[in-house]
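Everything below concerns the one structure shown next.
Position 1 is the first residue of the sequence; numbering continues from there. Being a predicted model, the structure only gives us computed values, none of them experimental.
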Amino acid sequence: MKKIKSCLINSFASHKIEHTPYYLIALLTINMLIVASVSIGLLYNIGLERQKNRLLDLVETQSVMIDIVARQAFMGHNGHPSNLLMRSVAAKFIQQINIEYPEYGAIGRSGEFTLGQRNDDSIGYILKQRYFDEKNQMDIPWKSTYGEPMRRALRGKTGVDVLLDYRGATVLAAYKPIPTLSWGLVAKIDLDEIRAPYIKAATYAFLFTLFLAIIGSIIFWFFVNPLVREIEDSRQFNRLLISKSSSGLVLCTMDGQIIDANQAFLKIVGRTLEQILTLNYLDLIAEKYLLEAKEKLKSLIQTGSLSSCESCYINNDGEQIPINLSGELVTMANIPYLWLSIEDIRNFKKREAELLLSSVVFENSQEGIFITDAKKKIIKANHAFTLVTGYELDEILGLSPSFLKSGRHDPLFYKKMFEEINATGAWHGEIWNKRKDGTIYPSLQSISAVYDENKKLIRYVSILTDISIQKAYEQQLYDHAHLDTLTGLPNRLYFEQKFDQTLLRAQYRQQNFALFFIDLNRFKEVNDTMGHDVGDLLLKTVANALKEGVRAEDLVARLGGDEFVVILATISNSGEAVKIARHLMDKAHQPIQVEEHTIHPSLSIGIAIYPDHGTERSVLLKCADEAMYYAKHNTEEHYHLFAISSA
């Protein structure tokens, strides 16, 4: 392992040698730029301070001089001079300055000093402004952001700062008031003039640094690069070792003596490096594979490479380790070596055994299983599938599972099924399928999509269970809970559920529907005189007559005893309901022959209309019941449409 470590160290060292000159040149360039920038910045700050002091001295000197001249002019006047006198003295003073010193006020290339006074809501400049001629002298509004130095001077402040002058230009300005004349004095110079030499110096410094960087890169390319390329050639073995480091790697002499190995290899064989270095590679091979291993090594020496093949090691505990072996013949310092790459395939063998077990489970499962390719063509099915569907495997190979379709599901059902499979990878639910003999049966079915390591669809696996017996039992439970055991009609519970659904639909669609409350006349008399069997027969006969007398969308239910109800799902008007009631009475009035007895069933029907007589189940039932009672005792026709007068 020492050689591997040495190779890794050399690899990283060579990597640094290859790139370090570039890093060094870049670092030096950055350092030079930083030093130049800091130096120029410091010089700029020093120059700025000097300019501040110069301007401040200038305003101090000028203000003192102007103040002295003004005081001398006032000496001949007793008391405090009037504003008129002050303006007169100031005017003469300004005239004298403008005549004797035409360039008075100019500082350098862009600077000047100015005198100003406040004129109500503006600042008036007394001296000629450098950047405006005499005819275009301008005042600055007092509340403007321009002319800030003069504004501060007129407020009685003294100082120096970077501000906006009367043009709106950024300047370095010193300002001071002249109390004697109520003037302000400002000396300023454009900030661009101050910065110009330093910007020029920074540009030269950057170009000089860039020039040095280019010269350094050229020197490296011509003198250092050949050396780096030579080192790069020596890294070939290191790159090979690193690229295969996920596998066990071992370096052997031509006769098989191990001279180096990595940690992955040591972990596979369960030995330390010191133990490995005392062994020949063939000492690790299980006896069963020893002869084959010798032949493989011989082939490697002759051909220079060994393609992937299986073998078996014996680790330090005597356990057999299945491996996958490949190798190459490599040369270092003109000496050939055997370079072997080993993969531990114990997990692969374990998965192989699991697949074998899965195959056994597949064939012996009690649930029908079939597998299709990505194009939905059947490629495999187990014996349970044959028992459920009746199809043998050779009959369905290469076919689409569509032959199982029962016809009970529309194309949208299957479309949504595969949309869910594509989105989630699986679908589970109940479906009606068809056997080979044409029998339609319910099935609990799951379908799963299978993807490879690249997430490409390769298989569909479907598991189905015949749930015919379960469904039949569920239907029995449902019928027991919702159907009348004697007549087979819906019972009170089912009627109430169906009535509420009809009520909601009628409200949503704004439709009318009718409710019949029906009583079987003289049923108690028949039951008492002819027996319960005859009574039951009478009830079943009337129930069948009622079912046959209404439409498919209507509902007939038995509430109990001799009471029935009918829901006419839609009617256009009450007249239609009355017409159907008459039809039901005629239908039920057909004679029934029971032994020597002839029975003529008779009905009493009460009719309630939604929404005329109510919008709730309890209200409509009450109205229909009252109408039936009225029909039974007060009419010859034995049917009656509910009316408040008859309630």
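Contact of the Asp612 side chain with the Ser574 side chain is not registered, since no non-hydrogen atoms from C-beta on lie closer than 4.5 Å.
Closest heavy-atom contact between Phe516 and Ala577: CZ-O, 3.2 Å. Glu392 approaches Glu395 most closely through the heavy-atom pair N-OE1, 2.7 Å. The nearest pair of heavy atoms linking Ile599 to Leu538 is CG2-CD1, 4.2 Å. Closest approach of Cys312 and Ile323 over heavy atoms only: N-CG1, 4.0 Å. The two atoms that bring Leu397 and Ile379 nearest to each other are CD2-O, 3.4 Å, heavy atoms only. Pairing each heavy atom of Ile314 with each of Arg271, the nearest pair is O-NH1, 3.1 Å.
Applying the side chain to side chain donor-acceptor pair (under 3.5 Å) test to Thr487 and every residue at least two apart in sequence or in another chain returns Asp484. Taking the salt bridge (Lys or Arg N to Asp or Glu O under 4.0 Å) definition, one finds that Lys524 meets it with Asp528, sequence neighbours left out. Remark: Glu420 engages no residue in a salt bridge (Lys or Arg N to Asp or Glu O under 4.0 Å) (not counting sequence neighbours). Checked against salt bridge (Lys or Arg N to Asp or Glu O under 4.0 Å), Glu419 has no partners two or more places apart in sequence or in another chain. For Glu367, the salt bridge (Lys or Arg N to Asp or Glu O under 4.0 Å) test picks out no residue, with sequence neighbours left out. By the side chain to side chain donor-acceptor pair (under 3.5 Å) test, Glu563 pairs with no residue at all, sequence neighbours left out. With sequence neighbours excluded, no residue forms a ring pair (Phe, Tyr, Trp, His ring centres under 6.0 Å) with Phe517. Among residues two or more places apart in sequence or in another chain, the ring pair (Phe, Tyr, Trp, His ring centres under 6.0 Å) test is passed with Phe413 by His409.
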Name every donor-acceptor pair, under 3.5 Å, that has one atom in a side chain of residues 284-299 and the other anywhere in the protein, sequence neighbours excluded.
none

Expected list for residues 441-451: side-chain donor-acceptor pairs under 3.5 angstrom, two or more places apart:
from, atom 1, to, atom 2, distance (Å)
Ser443, OG, Thr465, O, 3.4
Gln445, OE1, Asn433, ND2, 3.1
Gln445, NE2, Ser462, OG, 2.9

Compile the donor-acceptor pairs under 3.5 Å between side chains in residues 615-625 and protein atoms, sequence neighbours left out, one pair per line.
from, atom 1, to, atom 2, distance (Å)
Arg617, NE, Asp500, OD1, 3.1
Arg617, NH2, Asp500, OD2, 3.4

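Within a 6.0 Å sphere centred on CZ of Arg435, heavy atoms belonging to other residues, nucleotides or ligands number more than 12. A 6.0 Å sphere centred on CG of Leu504 holds more than 12 heavy atoms belonging to other residues, nucleotides or ligands. Heavy-atom contacts from other residues, nucleotides or ligands closer than 6.0 Å to NZ of Lys547 number more than 12.
Between Phe265 and Tyr313, the ring-plane angle classifies as perpendicular under the 30° and 60° cut-offs. Ring geometry for Phe642 against His613 counts as perpendicular: the plane angle is over 60°, on a 0 to 90° scale with 30° as the lower cut.
In this structure a side-chain-to-backbone donor-acceptor pair under 3.5 Å is present from Asp373 to Lys375. A donor-acceptor pair is defined here as one N or O able to donate and one able to accept, closer than 3.5 Å; no such pair exists between the side chain of Asn280 and the backbone of Asp283.
Each ring-ring contact (aromatic ring centres under 6.0 Å, His included) pair with one or both residues in residues 367-397, not counting sequence neighbours, appears once here: Phe370-Phe385, Tyr391-Phe403.
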Could you go through Ile258 and Cys252, starting from their C-alpha distance and side-chain angles, then the distance that decides it, and tell me whether this counts as side-chain contact (heavy atoms from CB on, under 4.5 Å)?
CA-CA 4 Å; Ile258 298 175; Cys252 304; 4.0 Å; yes

Apply the test side-chain contact (heavy atoms from CB on, under 4.5 Å) to residues Asp562 and Asn527: give CA-CA distance (whole Å), side-chain angles for both, the deciding distance (0.1 Å), then the verdict.
CA-CA 11 Å; Asp562 61 346; Asn527 220 22; over 6 Å; no

Between Phe495 and Phe564, does a side-chain contact (heavy atoms from CB on, under 4.5 Å) hold up when you go through it step by step?
CA-CA 10 Å; Phe495 160 73; Phe564 298 86; over 6 Å; no

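A salt bridge links Asp344 with Arg346: at least one charged nitrogen is closer than 4.0 Å to a carboxylate oxygen.
Judged by distance alone, the side chains of Asn521 and Ser604 do bring a donor and an acceptor atom under 3.5 Å apart. Under the 3.5 Å distance criterion, with hydrogens and angles disregarded, no donor-acceptor pair is assigned to the side chains of Glu328 and Ser305.
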